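Letters A, B, ... mirror the listed sequences (proteins, then strands); counts begin at 1. Treat the numbers as computed from the prediction; the structure is a model and nothing was measured.
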There are 2 protein chains.
Amino acid sequence: MKNSQLYKGSLNTIIMKLLEENGKMYGYEITQKVKAITQGELNITEGALYPALHKLEAEGLLDVEIEKVDNRMRKYYKLTESGEKETMNRLSELEDFIRNMQSLVNPKLEF
Amino acid sequence: MKNSQLYKGSLNTIIMKLLEENGKMYGYEITQKVKAITQGELNITEGALYPALHKLEAEGLLDVEIEKVDNRMRKYYKLTESGEKETMNRLSELEDFIRNMQSLVNPKLEF
DNA sequence: TTGTTATGTATAAGAATCTTATGTATGTTT
DNA sequence: AAACATACATAAGATTCTTATACATAACAA
């Protein structure tokens, strides 16, 4: 990641949401996609990404499929069935989190 | 904290924002305030709160003032000058963070 | 051709933040 | 008398991340 500590804990949710949207993606592709979407503000480091992917796979939330493209290895990840269900939960948690943070920071508004 | 990992990294920002708003607060009061604002969804644990307060104080962002109320000790914290400046930075980072997360999770909408 | 950048994955050491458990102490309610 | 609320504190361990390093291929620039 980059910058503030705020992103701590959100990497798994980001990965799963992107996979839900794009079907299958490989690690490097995820870093580039995130960088593009956030206009360069969020840079996922390999040291954070790969262990996270391996853990999600070990938990049965992701399936992996190795391909060779241009003589370079790619490991494509996609959500398992249980991964899709868990993605729904995580997104719901993220909505609650954002709502709560806005309530704390912006107490004048109603949410 | 409670629940999802998402809150990891946001505790300092929460503390500083509450202090900015309320002038001075003591630890237990902060936990109760957060619980009330989030309608019970976010429970800050003492094991997270007190070390965080001590660290912010050590960094010169908070000042402490001890009072005895009803024969019980209270440590009131308030922002220092540099703490107020830093609070502005953290709130700005939080806004960026929320905006980026919404872009990632809700790519259909414009932000 | 040699160095740098981009693509692509991986791990290990250490930092930072948190959970869980425990400890101390007083006041209030059951 | 026991449980709960108020009030602070720390220590052990878990989790997540940063930083650094490693390997490998391809493209591009000096």
Side-chain angles (χ1 to χ4, degrees), chain A residues 1-16 24-36 40 42-59 61-62 64-77 90 93-94 97 101, chain B residues 1-16 24-36 40-59 61-62 64-77 90 93-94 97 100-101:
Chain A
M1 308 269 200
K2 192 208 77 174
N3 272 345
S4 71
Q5 300 279 12
L6 292 168
Y7 294 92
K8 224 178 186 69
S10 59
L11 180 56
N12 287 335
T13 304
I14 292 172
I15 292 171
M16 292 168 79
K24 66 174 191 179
M25 299 179 82
Y26 56 100
Y28 187 74
E29 186 184 10
I30 292 174
T31 67
Q32 300 308 302
K33 190 82 172 180
V34 168
K35 196 187 290 186
L42 180 51
N43 290 285
I44 297 178
T45 59
E46 307 98 316
L49 178 67
Y50 293 114
L53 287 172
H54 300 161
K55 190 171 180 236
L56 289 172
E57 188 194 351
E59 289 169 346
L61 301 175
L62 301 188
V64 68
E65 192 185 316
I66 298 179
E67 282 186 33
K68 207 156 192 179
V69 180
D70 285 336
N71 210 29
R72 280 204 216 86
M73 181 177 59
R74 278 186 191 169
K75 289 181 75 173
Y76 277 98
Y77 291 91
R90 306 262 177 129
E93 279 181 7
L94 177 59
F97 167 66
M101 289 305 289
Chain B
M1 307 269 198
K2 193 207 76 175
N3 271 343
S4 72
Q5 301 278 14
L6 292 169
Y7 294 92
K8 224 179 186 67
S10 60
L11 179 55
N12 286 335
T13 303
I14 293 172
I15 291 172
M16 291 169 79
K24 66 174 190 177
M25 300 179 80
Y26 56 101
Y28 187 74
E29 185 184 11
I30 292 174
T31 67
Q32 300 308 301
K33 190 82 172 178
V34 167
K35 196 188 288 186
E41 278 196 52
L42 180 50
N43 290 286
I44 296 177
T45 59
E46 307 98 316
L49 178 67
Y50 293 115
L53 287 172
H54 300 162
K55 189 171 181 235
L56 289 171
E57 189 194 350
E59 289 168 348
L61 301 175
L62 300 189
V64 68
E65 194 186 315
I66 298 179
E67 283 186 30
K68 209 158 190 176
V69 180
D70 284 337
N71 209 31
R72 279 204 214 85
M73 181 179 57
R74 281 185 189 171
K75 288 180 74 173
Y76 277 98
Y77 290 92
R90 307 259 177 131
E93 279 180 9
L94 178 59
F97 167 66
N100 282 330
M101 290 304 289

Phosphate OP1/OP2 of [N]: any [X] side-chain N/O under 4.0 Å:
| X | N | result |
| --- | --- | --- |
| B:His54 | D:dC8 | no |
| A:Tyr50 | C:dT9 | yes |
| A:Gln5 | C:dT17 | yes |
| B:Lys8 | D:dA14 | no |
| B:Tyr28 | D:dA5 | no |
| A:Asn71 | D:dA24 | no |

Given atom [atom1] of [X] and atom [atom2] of [N], what is their separation to the nearest angstrom?
| X | N | atom1 | atom2 | answer |
| --- | --- | --- | --- | --- |
| A:Met73 | D:dT25 | CE | C1' | 12 Å |
| B:Ile14 | C:dT17 | CD1 | P | 14 Å |
| B:Tyr7 | C:dT19 | OH | P | 11 Å |
| A:Lys33 | C:dT7 | NZ | C1' | 17 Å |
| A:Ile44 | C:dG8 | CD1 | P | 16 Å |
| A:Leu6 | C:dC18 | CG | P | 10 Å |
| A:Leu49 | D:dA20 | CG | C1' | 17 Å |
| B:Asn12 | C:dC18 | CG | P | 7 Å |

Measure from NZ or CZ of A:Lys24 to the centre of the six-membered ring of A:Tyr76 and say whether it is under 6.0 Å with the direction within 45° of the ring axis. yes
Once you apply a heavy-atom cut-off of 4.0 Å, does [X] come out as touching a base, just sugar-phosphate, or nothing?
| X | value |
| --- | --- |
| A:Arg74 | sugar-phosphate |
| A:Gly27 | sugar-phosphate |
| B:Lys55 | sugar-phosphate |
| A:Glu29 | nothing |

d(B:Ser10 OG, B:Phe97 CZ) to nearest 0.5 Å is 7.5 Å
In terms of heavy-atom contacts, does NZ of B:Lys75 have more than 12 from other residues, nucleotides or ligands at under 6.0 Å?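 Check passes, neighbour count above 12.
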Any donor-acceptor pair under 3.5 Å linking the side chain of A:Glu29 with the backbone of A:Tyr26?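 Checking the backbone N and O of A:Tyr26 against the side chain of A:Glu29, a donor-acceptor pair under 3.5 Å is found.
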Taking the side chain from B:Asn43 and the backbone from B:Gly40, do they hold a donor-acceptor pair closer than 3.5 Å? yes
Looking at the side chain of A:Leu11, which of C:dA10, D:dC17, C:dC18 is the nearest nucleotide?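 Of all the options, the side chain of A:Leu11 is nearest to D:dC17.
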Note: for A:Asp70 and B:Arg72 on DNA chain D, the residue whose nearest nucleotide lies more 5' is B:Arg72
